[in-house]
J.: 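Have a look at this one.
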Amino acid sequence: MLERRSGTGEPVSPLTEKNNRSGGKKPVIVYILVLFAVAFLLMIWSLISHQRSNTEAIGRLQGSVSAMQEVQELQEQVIQLQKELAEVKEQLKQEQEAAETTAAAAQDEAVALLTERDSLEAQVAALTALYRLQQLYAARDLESCEAEISALGSGSLLDSLDAVSRERDWSVTPPSERYLELKEAVRALEDQAP
C-alpha cells in the first residue's frame, strides 16, 4: 500500500487525511453560508431602500395629486366666480336699463308737468286779465279797458282763455265768450261817448 507523506516527510494515515478533508470542507461551507447571509442581508437592505424610496415617491405623488386637486378646485372656483360675475353684470345691465327707462319716464313726466304748469300759469294770467277787464268795465274806465283788451288780444292770453273755456263745462258764460262780450260792450261805450 502506498503511504502518503506530508510535506515534512512523515507518513499520513488515511484517517488523518479524512479529518483534513472534512476540516477543509468546513471552512468552505462557512464561507458559503456567510456569502448567503451577506447576500440575504443585501437583499433585505435593497428591499428596505426600495420601500423607502417608493414611500418617498408615493408621498411626492400624493403631494402632487393634492396640489393638482387644489388647482382643480381653484379652477372650479374661478369658473363659478366668472359665472357669478357674468350674472351680476347682466343684472347690473338690466338695472341700468331700468334706471334709464325710469329716468326717461321721470324726465318726460317732468317736462309734461312743466308744460302743464306753464299752461296753468298762462290761464291764470289770462283769467286775471279778464277779471281786470271786467273791473275796469264796471268802473267805466274805457282807456284802461282798451289797454287790457289790447294786452289780451295781442299775446297768448287769448289762446289761454280759449283753453280754459274748452277744459271745463261752464254753468256760466265761458271766459272766452265773456271776453268777446266785454270787448263789444267797450266798443259800444266808446261809440256812445261824445
Side-chain angles (χ1 to χ4, degrees), residues 55-194:
T55 304
E56 289 174 3
I58 288 173
R60 285 193 303 270
L61 285 175
Q62 285 176 342
S64 297
V65 168
S66 297
M68 290 298 291
Q69 287 175 344
E70 288 177 12
V71 168
Q72 186 175 1
E73 288 173 4
L74 288 174
Q75 286 177 340
E76 290 172 0
Q77 287 177 355
V78 166
I79 291 170
Q80 182 64 28
L81 289 174
Q82 286 174 340
K83 287 179 183 178
E84 290 175 8
L85 179 63
E87 290 172 1
V88 167
K89 282 183 179 179
E90 182 63 29
Q91 185 179 8
L92 179 62
K93 181 181 175 185
Q94 291 173 355
E95 288 177 4
Q96 284 177 338
E97 289 173 357
E100 288 172 2
T101 303
T102 303
Q107 187 175 5
D108 291 346
E109 186 177 343
V111 168
L113 288 173
L114 288 173
T115 303
E116 184 179 352
R117 183 199 68 183
D118 293 343
S119 173
L120 290 174
E121 285 177 351
Q123 289 175 7
V124 167
L127 289 173
T128 303
L130 180 63
Y131 176 75
R132 277 194 309 265
L133 178 61
Q134 271 185 294
Q135 294 301 317
L136 292 170
Y137 178 75
R140 302 279 189 231
D141 185 357
L142 296 180
E143 286 180 24
S144 298
C145 283
E146 198 56 46
E148 204 62 43
I149 289 171
S150 174
L152 270 166
S154 65
S156 62
L157 293 177
L158 191 57
D159 293 336
S160 296
L161 276 180
D162 288 338
V164 170
S165 298
R166 286 190 306 269
E167 286 179 5
R168 290 185 53 198
D169 186 24
W170 295 87
S171 58
V172 293
T173 307
S176 59
E177 289 179 23
R178 183 68 181 142
Y179 165 73
L180 293 174
E181 289 174 357
L182 287 170
K183 185 177 175 182
E184 288 176 15
V186 168
R187 302 269 185 250
L189 281 178
E190 285 178 349
D191 290 341
Q192 290 176 359

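By convention here, the first residue in the shown sequence is residue 1. Treat the numbers as computed from the prediction; the structure is a model and nothing was measured.
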J.: Let me see the working for Gln91 and Glu87 under side-chain contact (heavy atoms from CB on, under 4.5 Å), right down to the final yes or no.
T.: CA-CA 6 Å; Gln91 185 179 8; Glu87 290 172 1; over 6 Å; no

J.: So which heavy atom on Tyr137 is nearest to which on Cys145, and how close?
T.: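 Taking every non-hydrogen atom into account, N-SG, 3.3 Å.
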
J.: Can you tell me how far the CD atom of Glu109 sits from the OG1 atom of Thr102, to the nearest 0.5 Å?
T.: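 Answer rounded to 0.5 Å: 11.0 Å.
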
J.: Taking the side chain from Ser150 and the backbone from Glu146, do they hold a donor-acceptor pair closer than 3.5 Å?
T.: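 No: the side chain of Ser150 does not pair with the backbone of Glu146.
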
J.: If you measure from CD on Glu76 to CG on Leu81, what distance do you get to the nearest 0.5 Å?
T.: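 These two atoms lie 12.0 Å from each other.
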
J.: Whether Glu181 and Arg178 form a salt bridge (side-chain N of Lys/Arg under 4.0 Å from carboxylate O of Asp/Glu) is what I want to check.
T.: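 Here Arg178 pairs with Glu181 in a salt bridge, since their nearest N and O are under 4.0 Å apart.
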
J.: Within a reach of under 6.0 Å around CD of Glu95, are more than 12 heavy atoms found that belong to other residues, nucleotides or ligands?
T.: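 Enclosed: over 12 neighbouring heavy atoms sit under 6.0 Å from CD of Glu95.
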
J.: Would you call Leu130 and Leu182 a side-chain contact if the rule is heavy atoms closer than 4.5 Å?
T.: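 In short, these two side chains touch, coming nearer than 4.5 Å.
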
J.: Keeping the roles fixed (side chain from Ser119, backbone from Thr115), state whether a donor-acceptor pair exists under 3.5 Å.
T.: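 No; judged by distance alone, with no hydrogens or angles, the pair does not exist.
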
J.: To the nearest 0.5 Å, what is the distance between CD on Gln96 and NZ on Lys89?
T.: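 Going from the CD atom of Gln96 to the NZ atom of Lys89 covers 12.0 Å.
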
J.: Is there a side-chain contact between Lys183 and Glu148 (heavy atoms, below 4.5 Å)?
T.: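 They are not in contact (no side-chain heavy atoms under 4.5 Å apart), so the answer is no.
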
J.: What's the separation between atom CG in Asp141 and atom CG in Leu133, rounded to the nearest 0.5 Å?
T.: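 Rounded to the nearest 0.5 Å, the CG-CG separation comes out at 10.5 Å.
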
J.: How many angstroms lie between atom CG of Leu61 and atom CE of Met68, to the nearest 0.5 angstrom?
T.: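 Spacing of CG (Leu61) from CE (Met68) equals 12.0 Å.
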
J.: Is it the case that over 12 heavy atoms from other parts of the model lie below 6.0 angstrom from the CD atom of Glu84?
T.: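 Correct, the count exceeds 12.
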
J.: To the nearest 0.5 angstrom, please state how far the CD atom of Gln72 sits from the CD1 atom of Ile79.
T.: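 Taking CD in Gln72 and CD1 in Ile79, the distance rounds to 9.5 Å.
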
